[in-house]
Every structure is written in structure tokens, then in C-alpha cells.
Amino acid sequence: MRSLGIAGAWALEPKVFPDERGSFHEWYRGTEFQEATGYDLSLAQANCSVSRWGVVRGVHFSDVPPGQAKYVTCVRGAILDVVVDLRVGSPTFAQWEAVRLDDDTRHALFLAEGLGHAFMALTDDATVVYLCSTGYAPEREHGIDPLDPELGITWPEGITPVLSPKDAQAPSLAEARRTGLLPSYEACVAHYEKLTGRPFSG
């Protein structure tokens, strides 16, 4: 697994074995995952979304603690997957990083609690599967406007973003910070260290 520039996010770039029948790859290996991230992936919920070309989902995040870590892959089509550092006080606060996930490379992305998650469907019927460390709890779930100029996420050119009404009405980063909606880096680090039993290398 490859650590991204935002602490708490990793990309899995597995070896894919193609043959005349199709292909095979390991998209999760517990030992390798635990060695890289420090986490024992606790599975509380598994989600699957299907999106048409141009759909943007996110930027979504949860209160920490308990937060919601996510392990994401695209099993059909392609998406631009984006991790956003929403942890107030983090050295990379308000920065984002994008990784293409598709049914060719079979890459996956892991995001620790407190990080924001969004993606854009680059194909019709883009099918995304993600494993979550905690179940859905509406009172703890929040969003940031994915088109907020302050965030400045560079979505692909030539595609008009399609947002749900909820995501379209989500607050800006500045608004969310002003109202105390965002998690603190300090709380997130304490949570990570409690979960992993080792110092957080941020």
C-alpha cells in the first residue's frame, strides 16, 4: 500500500492477474493492510453505489469520535476518487488528493476517520464498493460543497458535475469551520492512536 500526501490516506495498487477467463486480484490482505495503516479493518457496513457519468458524491465526513474509516474501490467503470483533509489544525488542512479508481487497474483507497471523501463518475454505471468501520448514523454525518472554490478540487474538464440536492446545499469549508462542524486534528490523532495502539505518524 502506498501512503498518500495526506496523513491517514493510503492507496492500494494490487497486482492483477489476467488470463483468457478474465482476471484475479487481491483487493484486501489483512496483514499487509495492518502493517501499512496500523488498522485492523473493522467492518460495520458495506455500501455499493452506481452512478452515471458526471455524478459527484461528497464531500462527506463524520464526527470523530467515532468517525467512519472507508476502504473504497471501483468494480465497474471509473471514478476520480478524492480525499480531503478536513481536520482543523492538520498540517495539510484543506488540501486534497485525487486517485483514479477503475475496473482496469483495480486500485483501492483507504481513508481514516476525519478525512473527507468525494468522487466523480467518469463513466456511466460507475459502480463503487466501500467498506465502512462504523454504520450509517445521520446525526453524525456531514458534507462540504464539493464545488467550493476555497477547496479548489480540480474536477475533470468537460464534465458538468451532477450533485444530489443535499450535496448541492452543503456548506462551504469556511462555513463548516466557523460553525464548528469540522473535526479537530488533535481529536483525530488521539482516536487513531487509541485504535492502532501506536503513535500516529502525521
Side-chain angles (χ1 to χ4, degrees), residues 1-14 26-47 57-73 80-101 107-119 128-137 139-144 146 148 150-153 171 173-174 176-202:
M1 294 185 74
R2 176 173 61 88
S3 180
L4 300 186
I6 294 174
W10 290 264
L12 172 73
E13 299 168 346
E26 297 172 339
W27 81 285
Y28 174 74
R29 295 185 69 189
T31 301
E32 179 184 326
F33 183 90
Q34 204 275 339
E35 286 175 356
T37 68
Y39 279 75
D40 285 317
L41 187 60
S42 174
L43 177 61
Q45 186 170 316
N47 300 334
R57 297 180 186 264
V59 177
H60 299 150
F61 67 101
S62 300
D63 292 336
V64 179
Q68 187 182 68
K70 295 177 181 176
Y71 189 52
V72 187
T73 193
L80 185 71
D81 206 51
V82 180
V83 54
V84 184
D85 194 345
L86 299 176
R87 303 166 299 188
V88 176
S90 166
T92 53
F93 175 71
Q95 294 181 26
W96 57 272
E97 192 163 348
V99 177
R100 180 185 168 99
L101 305 181
H107 289 177
L109 189 67
F110 176 69
L111 304 88
E113 298 86 348
L115 296 175
H117 179 243
F119 68 83
V128 177
V129 172
Y130 43 110
L131 311 179
C132 303
S133 64
T134 57
Y136 177 67
E139 70 281 3
R140 297 198 307 261
E141 307 289 334
H142 310 289
I144 300 293
D148 178 10
E150 184 183 353
L151 273 184
I153 297 172
L173 180 68
R177 185 176 188 178
R178 188 171 58 248
T179 57
L181 204 59
L182 302 178
S184 79
Y185 184 64
E186 185 180 357
C188 288
V189 168
H191 187 63
Y192 303 152
E193 292 181 344
K194 182 178 179 183
L195 287 175
T196 65
R198 69 185 195 186
F200 179 68
S201 55

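One-based numbering along the sequence shown. Computed from a predicted structure; not experimentally measured. When reading the values below, keep in mind they use all heavy atoms of this one structure, side chains included, and skip hydrogens, waters and symmetry mates.
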Spell out, as yes or no, whether a donor-acceptor pair under 3.5 Å connects the side chain of [X] to the backbone of [Y].
| X | Y | result |
| --- | --- | --- |
| E150 | L173 | no |
| T73 | H107 | yes |
| H191 | P66 | yes |
| E113 | V64 | no |
| Y185 | T92 | no |

Hey, could you give me the [atom1]/[atom2] distance between [X] and [Y], rounded to the nearest 0.5 Å?
| X | Y | atom1 | atom2 | answer |
| --- | --- | --- | --- | --- |
| T196 | D40 | OG1 | CG | 9.5 Å |
| E97 | L111 | CD | CG | 10.5 Å |
| L109 | L4 | CG | CG | 6.0 Å |
| L80 | R100 | CG | CZ | 8.5 Å |

Exercise. Would you please indicate if the ring centroids of W10 and F33 are separated by under 6.0 Å?
Key: no
Less than 4.5 Å apart, any side-chain heavy atom of [X] and any of [Y]?
| X | Y | value |
| --- | --- | --- |
| V99 | V82 | no |
| K70 | L131 | no |
| W96 | D85 | no |
| V128 | D81 | no |
| D63 | P183 | no |

Quiz item: Who passes side chain to side chain contact (heavy atoms under 4.5 Å, CB included) against N47, sequence neighbours left out?
Solution: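 Per chain and number, N47 pairs via side chain to side chain contact (heavy atoms under 4.5 Å, CB included) with Q45, Y130, C132.
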Self-check item: Quiz item: cation-pi between R177 and F93, 6.0 Å / 45°
Solution: yes
Which atom of [X] lies closest to which atom of [Y], heavy atoms considered:
| X | Y | result |
| --- | --- | --- |
| R57 | H60 | C-CE1, 4.2 Å |
| V83 | A9 | CG2-CB, 4.1 Å |
| R198 | Q34 | NH1-O, 4.2 Å |
| S62 | Q68 | OG-CB, 3.8 Å |
| E26 | P14 | O-CB, 3.6 Å |
| S133 | A69 | OG-N, 2.8 Å |

Practice problem: Show the numbers, then the answer: is there a side-chain contact (heavy atoms from CB on, under 4.5 Å) between H117 and V84? | Solution: CA-CA 6 Å; H117 179 243; V84 184; over 6 Å; no
Quiz item: Aromatic rings F61 and H142: how do their planes relate, parallel, tilted or perpendicular, breaks at 30° and 60°?
Solution: tilted
Quiz item: For L12, which of R29, E32, R2 qualifies under side-chain contact (heavy atoms from CB on, under 4.5 Å)?
Solution: E32
Quiz item: Quick one: which of Y71, Y192, F110 gives a side-chain contact (heavy atoms from CB on, under 4.5 Å) with T37?
Solution: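 Going through the options one by one, the only one that passes is F110.
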